[in-house]
There are 2 protein chains.
Amino acid sequence: MKTSFAVDSLAALAQETRLNIFRLLVRHAPSGLPAGTIARRLRLPGPTLSFHLNVLAAAGLVRADKNGRSIAYSANLDSVNRLTGFLMENCCGGRGGCPPFWEPANPRPKE
Amino acid sequence: MKTSFAVDSLAALAQETRLNIFRLLVRHAPSGLPAGTIARRLRLPGPTLSFHLNVLAAAGLVRADKNGRSIAYSANLDSVNRLTGFLMENCCGGRGGCPPFWEPANPRPKE
DNA sequence: CCTATATTTCCATTGTTTTGGAAATATGAA
DNA sequence: TTCATATTTCCAAAACAATGGAAATATAGG
């Protein structure tokens, strides 16, 4: 599996402003919020918000739905799940010791 | 809640080399691997590995245990859980629509 | 003490990301 | 068509992160 989807997602979230945007959209999932509302809530200049929304969208973490002259952005919640799965992949190599929160999705290959 | 632990963790993982190191350590959890073994496995020059391990350790994603002249690094699996919880915090604002994978840890505050 | 091994610190170079003003584009309403 | 609103693109300055060679430090064994 290519790691780049994960690096892209993590890099998109690894920035205070973008993390705030994403978490705001998680709270407002699944419907989302228009760009202007996000800008007002987080007190961000337009160009700055636009830049960050593009980074999040390019990583597949949010989607944009144009509606009249506003654009609603919404969080793709599934992306968090994929990311966790990727990080925990083959956790503990099948030797036991996985923490209780983690349900191994892929049952112990070789390595 | 301050977002910086999350930004630090995400930034630490948002880099191909560090992500490879972390995932290698997840597979070898909970015991970990010595720095030299990681370097050999991932074909990394010493200073580069050392730099990246420090970033991971500073973010609390790995811990270092000195043993003789080698140092074993191991993944802190719980950090992934904390991160997911933070990202999904108050998902969907209690209005239903959360994806099946997510168990709301904190039951719907105001917002 | 001396040597070999494990790992780190120092540091200069190179590359990447973030920021926001000004100008551009798109849409809807009067 | 003209105006106001929503959002974007352009761009250059400033800030930040990654890389790896050479030298330093630590430890174990003979």
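We name chains A, B, ... by the order of the sequence lines, and we start the count at 1 in each one.
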- Task: Report yes if at least one side-chain N or O of B:Lys66 is closer than 4.0 Å to OP1 or OP2 of D:dT27; otherwise report no.
- Result: yes
- Message: Need to verify one output field. Residue with the more 5' nearest nucleotide on DNA chain C, A:Ala14 or A:Arg69?
- Response: A:Ala14
- Query: Which part of the nucleic acid does A:Gly36 contact within heavy-atom distance under 4.0 Å: base, sugar-phosphate only, or nothing?
  - Reply: sugar-phosphate
- Would you mind telling me which residue lines up with the more 5' stretch of DNA chain D, B:Phe51 or B:Pro47, judged by nearest nucleotide? B:Phe51
- Got B:Leu61 and B:Val80 here, is their nearest side-chain heavy-atom distance under 4.5 Å? no
- Item | Length of the CD-P vector between A:Gln15 and D:dC16, whole Å | 12 Å
- In whole angstrom, what separates A:Asp8's CG from C:dT17's C1'? 14 Å
- Taking only N and O in the side chain of A:His52, is any of them less than 4.0 Å away from OP1 or OP2 of C:dT19? yes
- Query: Does A:Thr48 make a side-chain N or O approach to OP1 or OP2 of C:dG20 shorter than 4.0 Å?
  - Reply: yes
- Query: Expressed in angstrom and rounded to an integer, what is the separation of B:Leu44 atom CG from D:dA18 atom C1'?
  - Reply: 12 Å
- Does A:Val55 or A:Asn67 map to a spot on DNA chain C nearer the 5' end, using the closest nucleotide for each? A:Val55
- Message: Measure CD1/B:Ile21 against P/C:dT7 and give the value in whole Å, please.
- Response: 13 Å
- Have a look at A:Arg18 and say if it touches a base, only the backbone sugar-phosphate, or nothing, with a 4.0 Å heavy-atom cut-off. sugar-phosphate
- Item | Whole-Å distance separating the CG atom of A:Asn20 from the P atom of C:dT18 | 14 Å
- For A:Leu77 and B:Cys91, work out which heavy atoms get closest and say how close. CD1-SG, 3.9 Å
- Check the distance between D:dA17's C1' and B:Leu19's CG and give it to me in whole angstrom. 17 Å
- Item | Flag side-chain contact, heavy atom, 4.5 Å: B:Trp102 against A:Asn81 | no
- Task: Could you tell me whether B:Gly68 contacts a base, only the sugar-phosphate backbone, or nothing, with contacts defined as non-hydrogen atoms closer than 4.0 Å?
- Result: sugar-phosphate
- Query: Given D:dA6, is OP1 or OP2 found less than 4.0 Å from the side-chain N or O atoms of A:Tyr73?
  - Reply: no
- Within this structure, what is the CZ-to-P distance between B:Arg40 and C:dT5, rounded to whole angstrom? 12 Å
- Message: So A:Ser50, base contact, sugar-phosphate only, or nothing? Heavy-atom distance under 4.0 Å.
- Response: base
- What distance separates B:Ser9 OG from A:Leu13 CG, expressed to the nearest 0.5 Å? 11.5 Å
- Query: Roughly, in whole Å, what's the span from CG in A:Asn54 to P in D:dC11?
  - Reply: 16 Å
- Task: State, with a plain yes or no, whether a side-chain heavy atom of B:Leu49 is found less than 4.5 Å away from one of B:Ile21.
- Result: yes
